[in-house]
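Beneath this line is the structure, given in structure tokens, with notes to follow.
Quick note on labels: first sequence line is chain A, next is B, and so on, each numbered from 1.
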Protein chains: 2
Amino acid sequence: MPRKSDLEPLSAKSATLHDVARAAGVSLITASRALTNPKLVSEKTIARVQAAVQATGYIPNLLAGSLKSNRSRLVGGLVPALSVAQFLPTLQSLTDVLDGAGYQLMLGQMRYDDSRQDALLNAMIGRRVDGIVVTGLIRSEAARRQLVRLGTPVIETWDLTDRPLDIVVGFSHIKVGSALAGYLLGKGYGRIGIATGDDHRAQLRREGFLATVGHNVPTAVVPAPSSLALGRSALGELLRQDPALRAVACSADQLAQGVIVEAQARGLRVPDDLAVCGFGNADFAAHIVPSLTTVHVDGASIGRLAGELIIARCSGETIRERVIDVGFEIVQRQSA
Amino acid sequence: MPRKSDLEPLSAKSATLHDVARAAGVSLITASRALTNPKLVSEKTIARVQAAVQATGYIPNLLAGSLKSNRSRLVGGLVPALSVAQFLPTLQSLTDVLDGAGYQLMLGQMRYDDSRQDALLNAMIGRRVDGIVVTGLIRSEAARRQLVRLGTPVIETWDLTDRPLDIVVGFSHIKVGSALAGYLLGKGYGRIGIATGDDHRAQLRREGFLATVGHNVPTAVVPAPSSLALGRSALGELLRQDPALRAVACSADQLAQGVIVEAQARGLRVPDDLAVCGFGNADFAAHIVPSLTTVHVDGASIGRLAGELIIARCSGETIRERVIDVGFEIVQRQSA
DNA sequence: CTGTTAGCGCTTTCAC
DNA sequence: GTGAAAGCGCTAACAG
């Protein structure tokens, strides 16, 4: 294989449109049009240009095109952390939609830290992304003002608000908490506990839960990201607070699975001795034993909608609905 | 909040370096240096430029800088799919390292499809990424030639080869399979089955396994991505092939967990009636009951190394080792 | 249908 | 320390 013998930094100049044009015997702009807007060019010319592309191994420099046209076909995506399984379907379908339209995703991890969110936002704005998709809302006022001023399409997701920065696609965490509390109370479970992550949205669900229950309940707060191991220790903590606990509502299916494992290890039957419900409807929820009662949120739809909205805005379309509620659904299974 | 009343595409021109220079009363280039190479500029000037940046809300256009300097501070990352939990720690630590050095990650999903790999590669080369990190090896000869010609640093990961395109950071799947077979045989398990994903690397592990066992064994092949549900059905399939099966080696911890759940649902005790081992050492592996014997691979290290190597190459450093074997480790727990 | 001209916003190169 | 000029590779706007 023809390669410089050692691994020094290389700098093989790659062919430019200029080279292609010369090889095809046409002007620069004709070559450009043959590749990006073939309707304006005769078939013969197109064929010659394409042959020249092959011959020279030309790959367009999208940086240059973006600079001129002010459209980068890049979309920024911000998640708290890749390790939060919750957001993976959203990211996956977002990438798929963008990809199909020739857009690329730039990924950033915020780590539940507002200052990192600002820094990432600047890195993305600096690269002139055509839009930004963020999980949760954009918290910093400075960042909000900046984005509004620039007119960058921004899709906030996985939450809901009356005053989105631009567009929000999500659901109400307060309502989720409230619905879950109603469900458990309706089943007649008296002594309920909460195992919850310490992130903003989990806390909103907890608020909604408590508001419906009407009084405080035993609570174990665990750091993000949620995991089976944290669920196990959370149940220990909750049983210390109330040894006669009858039900546990968890802020993530991973926690719920841990609670179930720990309950079984302690000889408690689920749901007879202890009912458990989760949040997220992870892929394993339906298949563990007992199967997990949980809250389903269509994360893939959120990602798809976000991608489509960004693309629509970039194509100059006007969007009517600025607040899109995708709702949620309690999935009743064996564990509660 | 001052915003155009409806959601039409906006195009607020943002401040350029030109505006900053004028506001600071210096020349364009001095403003540029004050921001990117402050040693060359007096402190007074720096202060004035920075004030001007604040006043104008300037955010550098990295596209323009990249075009001129031919360095985008963008790194392309290719994974089979985001839903493969396996690669998340790699992606996470890669992003962290890049981020700390001012680089951004462009993400692409290959979907175990070589033609998509080629298309994504082109999209990334077109955006003049400074380097590419790919899970697995780059298969297409055309793509390999192209990348070599361009001199783009490429880190292939999660596999090993004598002839990497550029640099490879990973481990030998054949050896993993072989080690696992040795382990199970050493424990005296006679009738062993395999539950495996259909991807290339899982198949390599299977080959290594069979080579050490010395004969064919019952096998259930499931489509990617591996999940608990697929593990449950795989055990059903394996027991049909051999009702007296005593051990199952799985190509992913998610599958292994499914095999355990299914075994328990059928009244089989793990490991007494059926031994199970996984691959990946997922976060739950140590905490399920029984805890899961599996193969640990340091995915985070792979990502960190890949990031550091890319950055080193971009800084003009020469790299000696082109093949980096991070190894693996069998983690013995209760399930086998 | 094809071509010429003029930049996009920045950094490199050379001059003072 | 600072500045003027040139140009990265491409596309928008206007001509022929």
Seminar exercise, completed: From NE2 of H18(B) across to C1' of dA4(D) the rounded distance in Å is 14 Å
Exercise. Rounded to whole angstrom units, what separation is found between the OH atom of Y58(A) and the C1' atom of dG9(D)?
Worked result: 8 Å
For this session: Kindly write out the residues that satisfy side chain to side chain contact (heavy atoms under 4.5 Å, CB included) with I29(B), not counting sequence neighbours, or none if the list is empty.
Result: S27(B), S32(B), R33(B)
Exercise. Atom CG of N37(A) and atom C1' of dA12(D): how far apart are they, to the nearest Å?
Worked result: 12 Å
Problem set entry | Partners meeting side chain to side chain contact (heavy atoms under 4.5 Å, CB included) with A47(A) (sequence neighbours left out) | none
Problem set entry | N37(A) atom CG, over 12 foreign heavy atoms within 6.0 Å | yes
Exercise. Who passes salt bridge (charged side-chain N to carboxylate O under 4.0 Å, His left out) against R22(B), sequence neighbours left out?
Worked result: D19(B)
Problem set entry | Residue list, side chain to side chain contact (heavy atoms under 4.5 Å, CB included) with L28(A), at least two apart or on another chain | L17(A), H18(A)
Between the protein and nucleotides 1-3 of chain D, list the N/O to N/O atom pairs that are separated by less than 3.5 angstrom.
unit_1 : atom_1 : unit_2 : atom_2 : d
dT2(D) : OP1    : S42(B) : OG     : 3.3
dT2(D) : OP1    : T45(B) : OG1    : 2.8
dT2(D) : OP2    : S42(B) : N      : 3.0
dG3(D) : OP2    : S27(B) : N      : 3.1
dG3(D) : OP2    : S27(B) : OG     : 3.1
dG3(D) : OP2    : T30(B) : OG1    : 2.5
dG3(D) : N7     : R33(B) : NH2    : 2.6
dG3(D) : O6     : R33(B) : NH1    : 3.3
dG3(D) : O6     : R33(B) : NH2    : 3.3

For this session: Name all pairs fulfilling the salt bridge (charged side-chain N to carboxylate O under 4.0 Å, His left out) condition that reach into residues 95-114 of chain A, sequence neighbours left out, sorted by first residue then second.
Result: D96(A)-R111(B), D99(A)-R116(B), R111(A)-D96(B)
Problem set entry | Pairs satisfying salt bridge (charged side-chain N to carboxylate O under 4.0 Å, His left out), at least one member in residues 65-75 of chain A, at least two apart | none
Problem set entry | Gap between atoms CG and C1', on L62(B) and dC8(D) respectively (whole Å) | 15 Å
Problem set entry | Whole-Å distance separating the CG atom of N70(A) from the P atom of dT11(D) | 14 Å
Problem set entry | Ion pair check, R163(B) and E156(B), cut-off under 4.0 Å | no
Problem set entry | Distance (rounded to the nearest 0.5 Å) between R127(A) CZ and S66(A) OG | 12.5 Å
For this session: Among T318(B), D130(B), D166(B), find the residue that satisfies the side chain to side chain donor-acceptor pair (under 3.5 Å) test when tested with R313(B).
Result: D166(B)
Exercise. Residues two or more places apart in sequence or in another chain: which of them pass side chain to side chain contact (heavy atoms under 4.5 Å, CB included) with L67(A)?
Worked result: N61(B), A64(B), L67(B)
Exercise. Does anything in residues 301-310 of chain B pair up under side chain to side chain donor-acceptor pair (under 3.5 Å), and if so which pairs, sequence neighbours excluded?
Worked result: D298(B)-S301(B), S301(B)-R304(B)
For this session: Have a look at S66(B) and say if it touches a base, only the backbone sugar-phosphate, or nothing, with a 4.0 Å heavy-atom cut-off.
Result: nothing
Exercise. For DNA chain C, what residues of residues 120-128 of chain A have any heavy atom nearer than 4.0 Å?
Worked result: none
Problem set entry | Heavy-atom contact window of chain A on DNA chain C, given 5' to 3' at under 4.0 Å | dC1(C) to dG9(C)
For this session: Would you mind reading off the bend of the helix from dC1(C)-dG16(D) to dC16(C)-dG1(D) from its two end axes, five pairs each, to 10 degrees?
Result: 30°
Exercise. Roughly how far apart are Q117(A) CD and Q109(A) CD, rounded to 0.5 Å?
Worked result: 13.5 Å
